[in-house]
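First comes the structure, then the notes that go with it.
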Amino acid sequence: MNKKIWSVGLLAAVMLVGAGCGEKPGAAPDDTPGQVTPAPDDQTGQGNGGVSNGSGGGNETTTPDAKTESIKAYYTDPELMELVEGTADISYKEANEKYEAAYKALQKSDNAEMIPLWEKIELNSVKFENGALTIDVTVPDEANLGAGGESFAVDAIKKTFFQFDEVKSLQLLVDGQQAESLMGHVDLENPMTR
């Protein structure tokens, strides 16, 4: 009898740990497929920094001085099983704006099959100097994706920013400080290189 109680208790503990580490963002989306909900900053009339994913419908506005570029951005599937490549159109005037727009592309997706891994991770600043890109972020508790999701998130940001030939290294800072890990599961290289 005592052995059964311990077995049930151990099984319950393993299930609780597994549920905490396996949290999947977007596993139960609020929107129906094909329905696009604008981001909160779009409601102010400021736009989304020229970021458009998927089939945007062509209603993005750009200023005459802005450059528009189509880039690869990386997401995950709804089951958080693999990294999925998508495309995003970004608009920018200066180099730092280019990297900010690329980061925003990682935070949004119009395709229900492409879940953004960086959606809840806030961008604090971007600095590019002599081939070194430094990105400072804040990672709130609700952005924790578990070990697999964190690994995909790190791969997604590396693949997205290393597609730019001028970027030779990528330093991720968490609240202005070098961190050993983004969410506590995957070790970060400081800095990441090609």
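If you read the sequence from its start, that first residue is 1, and numbering goes on from there. Remember, it's a predicted structure, so these values are computed and weren't measured experimentally.
Residues K159 and L83 have side chains in contact (heavy-atom distance under 4.5 Å, counting atoms from C-beta outward). Residues N144 and H185 are in side-chain contact: their nearest non-hydrogen atoms beyond the backbone lie under 4.5 Å apart. Residues I157 and L170 form a side-chain contact, since some pair of their non-hydrogen atoms from C-beta on lies under 4.5 Å apart.
E189 and T193 get closest at one heavy-atom pair: OE1-N, 4.1 Å. Scanning all heavy atoms of the two residues, the minimum distance from Y75 to G86 falls at CE1-CA, 4.2 Å. The two atoms that bring A112 and P78 nearest to each other are O-CG, 3.7 Å, heavy atoms only. Of all non-hydrogen atoms in S91 and A101, the two that sit nearest each other are O-CB, 4.0 Å. Heavy-atom minimum distance, S109 versus M114: OG-O, 2.8 Å.
Classification of K98 and E166 as a salt-bridged pair holds, one side-chain N sitting under 4.0 Å from a carboxylate O.
One finds the CG atom of L173 at 7.0 Å from the OG atom of S125 (value rounded to the nearest 0.5 Å). For the atom pair CD1 of I135 and CZ of F161, the computed distance is 4.0 Å after rounding to the nearest 0.5 Å. From Q178, atom CD reaches atom CG of N190 across 4.0 Å, with rounding to the nearest 0.5 Å. Rounded to the nearest 0.5 Å, atoms CD (E82) and OH (Y74) are 13.5 Å apart. Atom CG of D77 sits about 7.0 Å away from atom CZ of F152, to the nearest 0.5 Å. Between the CG atom in D89 and the OG atom in S70 there is a gap of 4.5 Å [rounded to 0.5 Å].
Checked by atom type and distance alone, the side chain of D136 pairs as donor or acceptor with a backbone atom of G176 at under 3.5 Å. Counting only distance, with no hydrogens or angles, the side chain of W118 and the backbone of Y103 share no donor-acceptor pair below 3.5 Å. Checked by atom type and distance alone, the side chain of K120 never pairs as donor or acceptor with a backbone atom of L117 at under 3.5 Å. Remark: side-chain polar atoms of E150 are paired, donor with acceptor, to backbone N or O of V186 under 3.5 angstrom. With hydrogens and angles ignored, the 3.5 Å screen pairs a side-chain donor or acceptor of Q107 with a backbone N or O of I121. Looking only at distances, no side-chain donor or acceptor of R194 sits under 3.5 Å from a matching main-chain atom of S169. Judged by distance alone, with hydrogens and angles left aside, the side-chain atoms of T138 form no donor-acceptor pair with the main-chain N or O of D175 at under 3.5 Å.
Note on V126: it clusters hydrophobically with M192, by side-chain heavy-atom contacts below 4.5 Å among ILVMFWY residues. The cluster map of Ile, Leu, Val, Met, Phe, Trp and Tyr, joined by side-chain heavy atoms under 4.5 Å apart, puts L145 and L172 in the same cluster.
The ring-ring contact (aromatic ring centres under 6.0 Å, His included) check on F128 picks up Y99, with sequence neighbours excluded. Under the rule for a side chain to side chain contact (heavy atoms under 4.5 Å, CB included), the partners of Q163 that lie at least two apart in sequence or sit in another chain are I71, K72, T160. Applying the salt bridge (charged side-chain N to carboxylate O under 4.0 Å, His left out) rule to K127 yields the partners E129; only residues at least two apart in sequence or on another chain are considered.
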request  = Carefully, step by step, assess L182 and V139 under the rule side chain to side chain contact (heavy atoms under 4.5 Å, CB included).
outcome  = CA-CA 8 Å; L182 191 63; V139 184; 3.9 Å; yes

key: Stepwise side chain to side chain contact (heavy atoms under 4.5 Å, CB included) test for V84 and T76   = CA-CA 5 Å; V84 180; T76 189; 5.7 Å; no

